[in-house]
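Predicted, not measured: the structure shown is a model, and the values here were computed from it. Order of listing sets the numbers, starting from 1, for every ligand and every atom in it. Residue indices begin at 1 and follow the sequence shown.
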Amino acid sequence: MKRQASERAVEHVESGFVIGLGSGTTAALAIRLIGARLKAGELRDVLGVPTSLQAAQEAISSGIPLTTLDEHPELDLLIDGADQIDHELRAIKGGGGALLREKVVASSSRLVIVVADETKLTERLGVDCPVPVEVHPFAVRPVYMRLLKMGAKPRIRTGTGKLGPVVTDNGNLIIDVSFDEVSDPRRLEWSLKAIPGVLETGLFIDLIDLAYIGTQEGVRRLEGSVKGNLLG
Ligand code: 5RP
């Protein structure tokens with residue numbers, strides 16, 4: 001299902017494109033498919049801006065030349081995964097801890113496509129899916145306390161293969177914040193961003209144009225109506 005969704009998204013890539021490379025297992029499939037199209041000569045002159053060290057490594061092993069937002073601040077396309085997405089194309093991302101770079105790249109891309117399997121599609125955002133919040137290490141305790149006071153259930157993310165908290169590619173920590181339900185994602189985003197020390201949240205609102213959802217019955221295409229990225 002993930003692969004079929006990725007295949008549909010990769011059809012949007014054209015020669016000469018500068019593309020954002022998403023993070024996670026589904027986005028990695030898309031990266032490999034783009035690499036295969038480059039190797040086969042179906043595409044040429046494609047450059048990628050990775051949203052994480054994982055995406056950079058996938059791109060290097062798939063033969064996609066890398067660039068940066070400094071060199072290419074406006075991208076043609078981003079293909080990325082999601083932890084949860086609703087029918088209005090509002091998503092929760094950051095399961096892999098790459099939310100900050102993913103959101104910067106999404107807001108710098110003309111077209112943002114999410115690829116996911118059907119388990120990610122939800123009627124109610126936030127149910128059984130915490131909202132990851134990237135926090136500066138200096139502020140982690142006060143932010144944690146503020147989240148408790150908001151009535152949320154925060155949990156500092158810890159990893160495997162290393163003791164202690166997960167440190168993001170940007171040197172920050174992640175607090176996974178559980179709510180019973182996220183009824184007003186935009187309002188929640190503002191409230192979280194207003195806490196000093198919060199650098200980014202995993203709520204993606206008005207950023208996603210298109211989603212390909214792999215299901216048992218084939219790939220569903222969901223289209224958004226609002227575009228809120230930096231490029232208008
Ligand atoms: C990483 C992300 C990923 O895109 C998200 O966690 C989905 O990953 P996967 O495709 O492996 O389920 O937001 O920060």
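Lys193 has a carboxylate O that lies under 4.0 Å from a charged side-chain N of Glu200, or vice versa, which qualifies the two as a salt bridge. Classification of Glu223 and Arg221 as a salt-bridged pair holds, one side-chain N sitting under 4.0 Å from a carboxylate O. For the pair Arg186 and Asp206, the salt-bridge criterion is met [side-chain N within less than 4.0 Å of a carboxylate O].
For the pair Gly22 and ligand 1, no heavy-atom separation below 4.0 Å is found.
Using a 4.5 Å heavy-atom cutoff, the side chains of Leu77 and Arg110 are not in contact. Counting only heavy atoms from C-beta outward, the side chains of Leu43 and Val13 approach each other to under 4.5 Å.
With respect to atom 8 (O) of ligand 1, the closest heavy atom belonging to the protein is Gly24 CA, 3.9 Å. Regarding atom 11 (O) of ligand 1, its nearest protein heavy-atom neighbour is Thr25 OG1, 2.5 Å. For atom 6 (O) of ligand 1, the closest non-hydrogen atom on the protein side is Asp83 OD1, 2.6 Å. The protein atom (non-hydrogen) at minimum distance from atom 2 (C) of ligand 1 is Glu102 OE2, 3.3 Å. Among all non-hydrogen protein atoms, the one lying nearest atom 3 (C) of ligand 1 is Ser23 O, 3.3 Å. Of the protein's heavy atoms, Lys120 NZ, 2.6 Å lies nearest to atom 12 (O) of ligand 1.
For ligand 1, one of its N or O atoms has an N or O atom of Gly96 under 3.5 Å away. For the pair Gly94 and ligand 1, the shortest N or O to N or O distance falls below 3.5 Å.
Using a 4.0 Å cut-off to heavy atoms of Gly81, the atoms of ligand 1 that qualify are 4 (O). Ligand-side atoms of ligand 1 in range of Asp80: 4 (O), range being under 4.0 angstrom from any heavy atom. Residue Ala98 has at least one heavy-atom neighbour below 4.0 Å for each of these atoms of ligand 1: 14 (O). Close contacts between ligand 1 and Gly97 involve ligand atoms 14 (O) [criterion: under 4.0 Å to a heavy atom]. Residue Thr26 approaches ligand 1 through these ligand atoms, each under 4.0 Å from one of its heavy atoms: 9 (P), 10 (O). Each of the following atoms of ligand 1 lies closer than 4.0 Å to a heavy atom of Lys93: 2 (C), 3 (C), 4 (O), 13 (O).
Closest non-hydrogen pair, Ala106 versus Phe204, comes out as CB-CE2, 4.1 Å.
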**Request:** Apply side-chain contact (heavy atoms from CB on, under 4.5 Å) to the pair Ile208 and Ile85, showing each step before the final yes or no.
**Result:** CA-CA 10 Å; Ile208 299 164; Ile85 184 161; 4.3 Å; yes
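A distance of 10.5 Å separates NZ of Lys120 from CE of Met1, quoted to the nearest 0.5 Å.
In Pro132, neither the side chain nor the backbone holds a heavy atom less than 4.0 Å from any atom of ligand 1.
With a 6.0 Å cutoff to the six-membered ring centre and a 45° limit on the axis angle, Lys153 does not count as a cation-pi contact of Phe179.
For Glu71 and Thr67, the side-chain atoms include at least one donor-acceptor pair closer than 3.5 Å.
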